[in-house]
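First up is the structure itself, then whatever we jot down about it.
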Amino acid sequence: MEDRYAVARLTHKISVFTEGILMMKTTLVGIIKVDPHQLLEDGIRKELVNKVARELHRSLIFNPKSKVPELLPSLDRLSGSLQGFRRSFEYIQDYVNIYGLKIWQEEVSRIINYNVEEECNNFLRTKVYDFQSVYQSKDHPDTTLHTSRWLNKLHRSSGS
């Protein structure tokens with residue numbers, strides 16, 4: 001019961017905050033046009049990328065000297081965390097007036113594709129730099145995308 005109350009209280013806070021943002025009109029700050037809805041969505045995207053990249057990095061840490069297989073338990077924990085994030089997005093999307101699952105799919109795909117591109121750089125003569133990557137956002141470059149190197153850790157732990 002306590003957990004449900006906490007979720008309801010947080011949902012209400014998010015709903016009130018979002019209602020205030022969405023009631024604001026598009027305005028000019030100097031010569032820059034500020035759209036509150038777009039600002040909210042960009043902030044949500046940026047925070048999602050930070051959380052997911054951090055979770056990938058945190059969950060996929062393996063001890064190379066361990067005799068016990070760590071891959072499957074780590075992937076199970078990661079799956080639980082990511083499913084929790086996705087369910088939260090699905091739940092809150094109506095309160096925030098955004099397409100939560102669409103944003104979820106786009107950003108998680110971007111994180112994975114960016115990391116695959118980073119790992120491919122190890123085998124390419126001509127590297128793809130951050131500013132050249134199609135997976136790096138032009139509006140707000142995410143430095144957390146390339147700091148984790150989780151894909152390399154996952155590959156090495158799988159024994160391939």
Side-chain angles (χ1 to χ4, degrees), residues 2-62 71 73-121 128-155 157:
E2 184 74 24
D3 292 338
R4 287 183 183 214
Y5 176 72
V7 169
R9 189 170 29 89
L10 292 172
T11 302
H12 180 263
K13 282 184 176 182
I14 290 170
S15 180
V16 168
F17 174 75
T18 302
E19 185 178 354
I21 291 216
L22 295 178
M23 287 178 67
M24 295 168 53
K25 303 277 188 228
T26 300
T27 186
L28 290 175
V29 177
I31 60 169
I32 299 171
K33 185 177 180 182
V34 177
D35 180 12
H37 188 268
Q38 189 61 45
L39 192 63
L40 175 67
E41 185 177 317
D42 289 347
I44 288 171
R45 284 178 183 271
K46 188 173 185 175
E47 191 62 26
L48 174 66
V49 168
N50 287 335
K51 295 279 188 194
V52 170
R54 190 176 308 124
E55 187 62 29
L56 286 167
H57 177 68
R58 187 186 66 76
S59 296
L60 298 176
I61 295 176
F62 305 104
L71 179 62
S74 293
L75 290 177
D76 285 340
R77 282 191 304 276
L78 177 63
S79 173
S81 297
L82 293 180
Q83 284 178 3
F85 285 150
R86 189 188 59 76
R87 278 194 311 269
S88 296
F89 252 72
E90 186 176 4
Y91 175 74
I92 209 72
Q93 71 182 352
D94 293 333
Y95 296 101
V96 183
N97 195 25
I98 60 168
Y99 298 110
L101 294 178
K102 177 180 176 255
I103 290 172
W104 168 263
Q105 199 274 328
E106 288 172 355
E107 295 303 319
V108 170
S109 294
R110 190 168 71 92
I111 292 168
I112 292 170
N113 288 330
Y114 182 84
N115 279 277
V116 168
E117 185 178 69
E118 283 287 299
E119 291 302 320
C120 289
N121 273 341
V128 178
Y129 296 104
D130 284 345
F131 65 90
Q132 295 171 320
S133 175
V134 296
Y135 304 111
Q136 187 67 274
S137 173
K138 305 297 184 232
D139 298 329
H140 44 82
D142 298 304
T143 56
T144 57
L145 286 177
H146 63 80
T147 58
S148 64
R149 308 296 288 177
W150 56 269
L151 192 61
N152 191 11
K153 292 188 291 187
L154 181 62
H155 174 69
S157 72

Discussion item. Run the salt bridge (Lys or Arg N to Asp or Glu O under 4.0 Å) test on Glu90 and Arg87 for me, step by step, so that the C-alpha distance in whole Å, both residues' side-chain angles and the decisive distance to 0.1 Å come before the verdict.
Written reply: CA-CA 5 Å; Glu90 186 176 4; Arg87 278 194 311 269; over 6 Å; no
Practice prompt. Let me see the working for Phe85 and Val108 under side chain to side chain contact (heavy atoms under 4.5 Å, CB included), right down to the final yes or no.
Written response: CA-CA 11 Å; Phe85 285 150; Val108 170; over 6 Å; no
Worksheet entry | Candidate pair Glu41 and Arg45, rule salt bridge (Lys or Arg N to Asp or Glu O under 4.0 Å), full reasoning | CA-CA 6 Å; Glu41 185 177 317; Arg45 284 178 183 271; 3.3 Å; yes
Practice prompt. Take Val7 and Arg4 through the side chain to side chain contact (heavy atoms under 4.5 Å, CB included) test and state the conclusion after the steps.
Written response: CA-CA 5 Å; Val7 169; Arg4 287 183 183 214; 5.7 Å; no
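Here the OH atom belonging to Tyr91 is positioned 3.5 Å from the OG1 atom belonging to Thr11, to the nearest 0.5 angstrom. Rounding to the nearest 0.5 Å gives a distance of 6.0 Å between CD1 of Ile44 and CD1 of Ile103. Between the CG atom in Leu48 and the CZ atom in Arg86 there is a gap of 12.5 Å [rounded to 0.5 Å]. The structure places CG of Leu56 at 11.5 Å from CZ of Arg54, a figure rounded to the nearest 0.5 Å. Of the inter-residue distances, the one linking His12 atom NE2 with Glu19 atom CD reads 8.5 Å to the nearest 0.5 angstrom. From Trp104, atom CH2 reaches atom CD1 of Ile98 across 12.5 Å, with rounding to the nearest 0.5 Å.
Side-chain contact, Asp42 with Gln38: a donor N or O sits under 3.5 Å from an acceptor N or O.
For Gln93 against Leu101, the heavy-atom pair with the smallest separation is OE1-N, 3.3 Å. Nearest heavy-atom pair across Ala53 and Ile111 is N-CD1, 4.3 Å. Between Phe17 and Leu40, the shortest heavy-atom distance links the atoms CE2-CD1, 4.1 Å.
You'll find the side chain of Arg110 stays beyond 4.5 Å of the side chain of Glu106, heavy atoms only.
Here the options are Ser79, Ser81, Ser74, the test is side-chain hydrogen bond (donor to acceptor under 3.5 Å, both in side chains), and the partner is Arg77; only Ser74 passes.
Annotation for Arg9: atom CZ counts as buried by contact number, over 12 foreign heavy atoms lying within 6.0 Å.
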